[in-house]
Structures are given as structure tokens and as C-alpha cells.
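Accompanying notes for the structure given below.
We count residues from 1, following the sequence as given. In each ligand, atom 1 is the first atom listed, and ligand 1 is the first ligand listed.
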Amino acid sequence: MTQWLGLPPLATTHGGQIDGLIGWIHVFMLILFVGWGAFIAYALIRFRKSRNPVADYAGVKSHRSTYMEIAVAVVEAVLLFGFAIPLWAARVDRRPPDSEALVVEVTGEQFAWNIHYAGGDKVFGKKDVALLDLQSNPLGLDRSDPAAKDDVTTLNQLYLPVNTPIVIKLRSKDVIHSFGVPEFRVKQDAVPGFTIPIWFVPNVTTADMRTRLGNQEFQYEIACAQLCGLGHARMRGFVTVQTAEEFQKWMDAQVAEQSAPDPFGS
Ligand SMILES: [Cu+2]
């Protein structure tokens with residue numbers, strides 16, 4: 001229904017509602033545009049110089065323009081309270097409990113996305129700033145914590161299983177970033193000091209999207225959507241949506257690799 005907007009292809013279950021809202025906003029804005037355009041054309045003709053050689057300092061006496069202003073305010077209130085706020089409230093309220101979703105911590109930093117999975121035990125390992133090392137341990141994960149044994153961290157690579165509720169716990173290490181994946185119709189600021197949950201259900205795998213678009217290079221991209229510093233433009237992450245089996249295979253391989261003893265013994 002909203003193809004006429006030329007939006008990126010859709011890859012989550014809730015995205016249709018967002019597109020519907022964007023579509024309606026465009027329709028209302030078109031009505032406003034035509035209305036105001038007609039008004040300015042009317043005013044140009046009605047108050048042309050040949051008909052009004054001398055300015056009238058008394059101005060308008062009727063209250064019609066006041067009523068029209070009120071009508072505009074009412075329409076805008078309906079848009080806000082009738083559409084925008086209920087849609088957003090429903091989105092936020094319906095977040096599945098962590099036990100029924102795949103929970104992933106995503107932490108923005110200048111200029112990368114740190115991805116952290118809890119692994120099979122579904123418990124995130126402890127983190128400690130004292131262990132933080134920008135190269136080898138950008139999240140300060142304490143590998144001696146039993147809960148951290150099966151944790152998986154990646155840089156800029158977010159793997160997700162298709163048709164599964166995903167809860168992203170969004171954090172930032174330094175400044176405000178924004179986690180935006182256009183095909184998911186998801187965009188949320190990451191604010192230092194806060195852990196902000198967002199959730200969605202991806203419903204098109206990367207492979208299916210490549211077939212659909214006829215583009216074998218296609219990747220879902222996490223674009224940082226807040227200007228966060230000099231390297232903002234290269235702050236890109238990639239999302240790979242896989243079938244549940246493929247995802248489990250990837251996860252198992254990562255757990256095996258990352259929980260293996262460090263060959264350098266550090
Ligand atoms: Cu950023």
C-alpha cells in the first residue's frame with residue numbers, strides 16, 4: 001500500500017504499521033500543502049495592487065482565520081494522540097519478556113558497534129571497566145565469571161535468527177549514537193548511562209532478501225543515525241538474518257571459539 005513512498009524493503013513484522021503511519025502523514029501533509037498553496041494564490045489575487053492601491057491598516061475583522069487555526073490544531077492533535085502515541089505505546093508495551101526472546105546487548109562507541117550475546121545460559125557475564133581494553137576486550141567482559149564462559153562478543157556483526165522476537169539492549173560507552181536499521185523500521189538513540197530496550201521480529205533472512213532484490217551483495221546495515229563525531233560516517237555495522245538452524249550453528253561455533261583458552265595465555 002505504501003510502495004509509492006519508495007521506502008527500503010520491509011523485513012520485520014511491525015514495519016507495515018510504521019509505513020502506514022508514514023503514508024498517512026504524507027497524505028495529511030499533501031492536504032496541508034494544497035490548502036496553503038491555494039490560500040497564498042487566493043491572497044495574491046484578492047489583495048493585488050490594482051484592486052488595493054492603498055494599504056488597509058484595519059486588517060481582517062472576521063474570526064474565520066482563528067477558527068481555521070483551531071481546526072489545524074485539532075487535526076494535529078488527532079494525529080498525535082489518535083495515531084502516533086497509541087502506536088508507539090502499543091509497540092513499547094508489547095515487548096516480550098526476556099525469557100521468550102533472544103536478548104542481545106549492543107553498545108555503541110566512537111566508532112563501532114559492540115555486540116554481546118549471553119550464550120546458552122542466557123545470562124550475561126560480568127563486565128568490569130578495569131578489564132576494558134579497546135583492542136582485545138572492548139566491553140571489559142570478565143571471562144573468569146562462570147556466566148561469561150559461553151558469552152559471545154563481536155564487532156559490528158549482528159547475527160539474528162529469523163521469525164524470533166529480538167530484544168536489543170542498547171547502550172553507549174561515550175556519546176549519543178543511534179541504532180538504525182532501515183529495513184527493520186527500527187531506530188533508537190543509544191544514550192550513555194542508560195540501557196534502552198528495543199524489540200522487533202525480523203521476518204526476511206538476508207539470503208531471501210538477496211534473492212528478492214536480485215542483489216547478491218545486499219546486507220542489512222546498522223547505520224549510526226546520530227552525528228557522533230569525526231568517524232560517524234564509517235560507524236557501520238552489519239546484520240545477518242539467518243534461519244534458526246543456521247543461527248544456532250553460527251552461535252555454537254562462536255561459543256567454541258571464544259571460550260577456548262587464549263593461546264597467548266594473557
Ligand atoms: Cu555513532
I'd like to know whether CZ of Phe47 has more than 12 heavy-atom contacts from other residues, nucleotides or ligands below 6.0 angstrom. yes
Any N/O/S of His232 under 2.8 Å from the Cu ion (ligand 1)? no
Tell me whether the Cu ion (ligand 1) has Met235 as a neighbour, meaning an N, O or S atom of it below 2.8 Å. yes
Side chain to side chain donor-acceptor pair (under 3.5 Å) assessment of Gln258 paired with Arg143: CA-CA 10 Å; Gln258 297 194 18; Arg143 286 282 178 188; 3.2 Å; yes
Test of geometry: compute the angle ND1(His177)-the Cu ion (ligand 1)-SG(Cys228) and round it to 10°. 100°
Salt bridge check, Lys169 against Asp98: does any charged N sit closer than 4.0 Å to a carboxylate O? yes
Phe83 ring center near Phe81 ring center (under 6.0 Å): no
